[in-house]
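Here the structure comes first, spelled out in structure tokens, and everything after it is commentary.
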Amino acid sequence: MTSPTIRPPVIGRGAIRIELDRGIHPATLKPLLEPGTTTPVPRCGSCIFLVERLVGDGTARTKCAVKAQRRRGPDIKPDFPACVEFRTTPAA
């Protein structure tokens, strides 16, 4: 008798990746900017709405200030594609 083959877990197939695959930003639940709309391609890391918040255990997490209502929102990585609410951070 052969043992069943257990497939390895697929990395990056969680809720955040599913939303991005649907063209929806995981924090704001708004459409992603269309590719080619602006150059260079906007990412969350250069958005004015990317903020650091302290969570219950005292660690800092990056969040979106334009999150969907009644949600704490997922942690945002700077390389996430930007949504239609994207605004460039002012030059220093």
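Across all their heavy atoms, L33 and C83 have their closest contact at CG-O, 3.4 Å. The minimum heavy-atom distance between K77 and C44, with the atom names listed, is O-CB, 3.9 Å. Contact between L32 and P81 at its shortest, heavy atoms only, is CD2-O, 3.8 Å. The shortest heavy-atom contact between I76 and C64 is CG1-N, 3.9 Å. In plain terms, the two heavy atoms of F49 and V66 that are nearest each other are CG-CG2, 3.3 Å.
The hydrophobic clustering, which links ILVMFWY residues whose side-chain heavy atoms are closer than 4.5 Å, places I16 and L29 apart.
Atom CZ of R43 and atom CG of L50 lie 13.5 Å apart (nearest 0.5 Å). Note that NE2 of H25 and CZ of F86 are 10.5 Å apart. Values are rounded to the nearest 0.5 Å. Taking CD1 from I48 and OG1 from T88, the interatomic distance works out to 9.0 Å, rounded to the nearest 0.5 Å. E85 CD to K30 NZ: the interatomic distance, rounded to the nearest 0.5 Å, is 4.0 Å.
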### Task
Decide yes or no on side chain to side chain contact (heavy atoms under 4.5 Å, CB included) for V55 and R53, but give the supporting numbers first.
CA-CA 6 Å; V55 293; R53 292 208 177 117; 5.6 Å; no
